[in-house]
There are 2 protein chains.
Amino acid sequence: MNPAIQNRLKDLRSARDWTQEYLADAVGVSRQSIISIERGRYVPSLPLALLLARVFQCPVEAIFALEESE
Amino acid sequence: MNPAIQNRLKDLRSARDWTQEYLADAVGVSRQSIISIERGRYVPSLPLALLLARVFQCPVEAIFALEESE
DNA sequence: GATTCACGTAAAGCCTGCTTTACATGAAAG
DNA sequence: CTTTCATGTAAAGCAGGCTTTACGTGAATC
């Protein structure tokens, strides 16, 4: 029960010219959390993923995707 | 960093006449995990939420929603 | 060349998602 | 009435998400 996850967080953030700190504040987590997610160190919780989808105004699936194991 | 989450898992599952065990197998977790999520004891991980969305063929947001604190 | 800004690493600690095992219950079915 | 099936509870243990604190780095700016 730990399928890998891809994410487009860094792309979406820099497309909007947001700093990591700004994004962290926007969703209410630490800057460390944003860094760790962007760098793929860990996968966010579902509540955080939903918050990120909200601030980016897109579906969760547009940010996070299951890595297909083929 | 722990906004509450609502979920429609039980509704979606029984609408398809699936047992908890069938669903658990379909997404590769234990039956306990399904029970606990349905009963609101805990919020699933993002990977599990994505798997559930996949088997239900719907967006994550159609199953899980941030509870609005108004 | 000192300061600032955005980004990055490291490590310790708490909380909780998920597992496994074991047992309980009501409804259906023989 | 016993068996089976779907659902539920309880508890212990591990893994990992997230926090806080502290420090390192290159680029820009003065």
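Naming convention: chains lettered A, B, ... in sequence-line order (proteins, then strands); numbering from 1 in each chain.
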- Query: If we only count heavy atoms from C-beta on, is the F64(B) to L52(B) side-chain gap below 4.5 Å?
  - Reply: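 Yes, at least one pair of side-chain atoms sits under 4.5 Å.
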
Measuring to OP1 and OP2 of [N], would you say a side-chain N or O of [X] lies under 4.0 angstrom away?
X: S45(B); N: dG17(D); result: no
X: R31(A); N: dT21(D); result: no
X: K10(A); N: dG8(C); result: yes

- Sole candidate of I5(A), D11(A), L12(A), I37(A) that passes side chain to side chain contact (heavy atoms under 4.5 Å, CB included) when paired with I63(A):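 Exactly one option meets the side chain to side chain contact (heavy atoms under 4.5 Å, CB included) with I63(A), and it is L12(A).
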
- Message: Looking at every non-hydrogen atom in both residues, tell me the closest pair between L50(A) and E61(B) and how far apart they are.
- Response: CD2-CG, 4.1 Å

- At their closest point, which heavy atom of Y42(B) faces which heavy atom of S33(B), and how far apart are they?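 Nearest heavy atoms, Y42(B) then S33(B): OH-CA, 3.2 Å.
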
- Message: Please pick, from dT7(D), dC18(C), dT19(D), the nucleotide with the shortest atom-to-atom distance to any side-chain atom of V29(A).
- Response: dT19(D)

- Note on the structure: Against the side chain of T19(B), the closest entry in dC7(C), dG17(D), dA6(D) is dA6(D)

- Task: With side-chain contact (heavy atoms from CB on, under 4.5 Å) as the test, would you mind laying out the steps for R16(A) and F56(A) before giving the verdict?
- Result: CA-CA 9 Å; R16(A) 284 163 176 77; F56(A) 284 123; 3.6 Å; yes

- Task: Just call it for R39(B): base, sugar-phosphate, or nothing, with non-hydrogen atoms closer than 4.0 Å on any strand.
- Result: sugar-phosphate

- Query: Counting any heavy atom closer than 4.0 Å, what does S30(A) reach on the DNA or RNA strands: base, sugar-phosphate only, or nothing?
  - Reply: base

Listing time: all N or O pairs from protein to nucleotides 25-30 of chain D that are below 3.5 Å?
none

- Check the distance between dA6(C)'s C1' and W18(A)'s CH2 and give it to me in whole angstrom.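 So the two atoms are 17 Å apart, to the nearest Å.
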
- Item | Within 6.0 Å of CZ in R54(A), more than 12 heavy atoms from elsewhere |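 Check fails, neighbour count at 12 or below.
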
- Query: Toward the 5' end of DNA chain C, which comes first, Y42(B) or Q32(B), by nearest nucleotide?
  - Reply: Y42(B)

